[in-house]
**Student:** 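The structure is given below, and queries will be raised subsequently.
Positions are given from 1, in the same order as the sequence printed here.
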Amino acid sequence: VFLLMGVSLGGVDMCVYTMILECCSSNSVGRYSGYYYTVSMAAQVITPILSGVVMDVNPAMLFAYITGMGVLMGLSVAGAKHGNAILIDEVVRREEAAEAETVRELAGLWQALSPRECQVAQLAAEGLTTKAVSDVLGIAERTAQVHVAHVCSKLGVENAVGVAQIIARLRARGVLQ
């Protein structure tokens, strides 16, 4: 039984990297690997203590305890999606595809803005106040406020900071100049 448990544990350790990749983004692989190995080391410290307690309380229960822990470990491994193991390059590719889709959606929202709204958005994103925007464009301050509100509404953000973040993403992807 101990030999089977050791082989099973070795199999779990070999599958850990691919299981972690399935459960998190490429930016957090290190953190989740650290979590896994911390818990794994804690288990290696606690398991002998628990086994000793079981042996002291009722030595006949040791076999049942070990078998139960083996079944629990086997169910944990079976519950993981390790049949669909992916490599870090695939995780990065998926994240880039998701970002490209988001940028396409944002570009569509940007194209729905009027030329004046685009001007107002870019000025607001540069940190200009509505008063400064109105001065630069030669429009009333209230008109600039209305334009900023329309831009925020159309882009689905709450304020000029959100507009600036969208513009930065679109510029980073070459959609905007």
Side-chain angles (χ1 to χ4, degrees), residues 9-43 73-177:
L9 185 58
V12 169
D13 282 342
M14 288 179 1
C15 298
V16 167
Y17 184 66
T18 54
M19 289 190 291
I20 288 173
L21 284 176
E22 292 170 356
C23 298
C24 65
S25 70
S26 61
N27 295 336
S28 57
V29 167
R31 180 177 57 226
Y32 284 100
S33 295
Y35 292 159
Y36 168 78
Y37 285 108
T38 300
V39 171
S40 177
M41 293 310 248
M73 184 174 61
L75 291 173
S76 297
V77 171
K81 306 180 300 180
H82 60 278
N84 298 328
I86 53 177
L87 298 176
I88 193 75
D89 295 340
E90 178 64 13
V91 172
V92 170
R93 188 196 64 73
R94 288 179 185 180
E95 289 175 355
E96 287 173 350
E99 172 66 10
E101 178 62 29
T102 301
V103 168
R104 277 192 294 279
E105 291 171 7
L106 293 174
L109 294 174
W110 182 263
Q111 290 173 350
L113 299 178
S114 71
R116 179 61 91 184
E117 288 171 335
C118 289
Q119 290 176 319
V120 170
Q122 290 180 338
L123 292 171
E126 291 174 14
L128 273 67
T129 63
T130 51
K131 174 70 175 131
V133 169
S134 68
D135 291 343
V136 169
L137 297 178
I139 58 176
E141 184 176 358
R142 179 69 186 131
T143 304
Q145 289 172 344
V146 169
H147 281 313
V148 170
H150 286 160
V151 167
C152 289
S153 175
K154 288 181 178 181
L155 294 179
V157 295
E158 294 183 20
N159 52 38
V161 173
V163 173
Q165 290 171 335
I166 289 174
I167 289 173
R169 283 176 90 175
L170 293 174
R171 285 182 177 156
R173 288 295 202 151
V175 176
L176 288 179
Q177 299 293 343

**Student:** Taking all heavy atoms of Ala100 and all of Arg173, pick out the closest pair and write down the distance.
**Tutor:**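 Heavy-atom minimum between the residues: N-NH2, 3.7 Å.
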
**Student:** Can you name the closest pair of heavy atoms from Ile167 and Ala125 and give their distance?
**Tutor:**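 Reported closest heavy-atom pair: CD1-CB, 3.5 Å.
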
**Student:** Between Ser153 and Ala149 (side chain of the first, backbone of the second, donor and acceptor by atom type, cut-off under 3.5 Å), is there such a pair?
**Tutor:**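 A pair under 3.5 Å: no.
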
**Student:** Between atom CD of Gln122 and atom CD of Glu126, what is the distance when rounded to the nearest 0.5 Å?
**Tutor:**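 Those atoms lie 7.0 Å apart.
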
**Student:** Minimum heavy-atom separation for Ala124 to Val148, with atom names?
**Tutor:**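 Result for this residue pair: CB-CG2, 4.5 Å.
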
**Student:** Evaluate side-chain contact (heavy atoms from CB on, under 4.5 Å) for Arg116 paired with Ile139, printing each intermediate quantity in order.
**Tutor:** CA-CA 11 Å; Arg116 179 61 91 184; Ile139 58 176; 4.1 Å; yes

**Student:** Compare every heavy atom of Leu113 with every heavy atom of Val151, then report the nearest pair and how far apart it is.
**Tutor:**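 Where Val151 meets Leu113 most closely, the heavy atoms are CA-CD2, 4.2 Å.
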
**Student:** Using 4.0 Å as the upper bound for N to carboxylate O, is an ion pair formed by Glu96 and Arg93?
**Tutor:**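 No, Arg93 and Glu96 are not salt-bridged.
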
**Student:** Should the heavy atoms of other residues, nucleotides or ligands under 6.0 Å from CD of Glu158 be counted, would the total exceed 12?
**Tutor:**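 No, CD of Glu158 has 12 or fewer neighbouring heavy atoms, counting only those of other groups under 6.0 Å.
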
**Student:** Should Trp110 and Leu170 be marked as a side-chain contact (heavy atoms from CB on, under 4.5 Å) after you check the CA-CA gap, both sets of side-chain angles, and the distance that decides it?
**Tutor:** CA-CA 9 Å; Trp110 182 263; Leu170 293 174; 4.0 Å; yes

**Student:** Would you check, one step at a time, whether the test side-chain contact (heavy atoms from CB on, under 4.5 Å) holds for Glu105 with Leu109?
**Tutor:** CA-CA 6 Å; Glu105 291 171 7; Leu109 294 174; 5.7 Å; no

**Student:** Tell me, with the steps shown, if Val163 and Cys152 meet side-chain contact (heavy atoms from CB on, under 4.5 Å).
**Tutor:** CA-CA 7 Å; Val163 173; Cys152 289; 4.0 Å; yes

**Student:** Going by side-chain hydrogen bond (donor to acceptor under 3.5 Å, both in side chains), Glu99 matches just one of Arg94, Arg169, Arg104. Which one?
**Tutor:**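 Result for side-chain hydrogen bond (donor to acceptor under 3.5 Å, both in side chains) with Glu99: Arg169.
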
**Student:** Roughly how far, to the nearest 0.5 Å, is the CG atom of Leu155 from the CD atom of Gln165?
**Tutor:**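 Rounded to the nearest 0.5 Å, the CD-CG separation comes out at 11.5 Å.
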
**Student:** To the closest 0.5 Å, what do you measure between CD (Gln111) and NZ (Lys154)?
**Tutor:**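 Reported value, rounded in 0.5 Å steps: 13.0 Å.
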
**Student:** Roughly how far, to the nearest 0.5 Å, is CG of Asp135 from OG1 of Thr129?
**Tutor:**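 Nearest 0.5 Å value for the OG1-CG distance: 7.5 Å.
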
**Student:** NE2/His147 to OG1/Thr130 distance, rounded to the nearest 0.5 angstrom?
**Tutor:**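 Taking NE2 in His147 and OG1 in Thr130, the distance rounds to 12.0 Å.
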
**Student:** Between CD of Gln145 and OG of Ser134, what distance do you get to the nearest 0.5 Å?
**Tutor:**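 Rounded to the nearest 0.5 Å, the CD-OG separation comes to 8.5 Å.
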
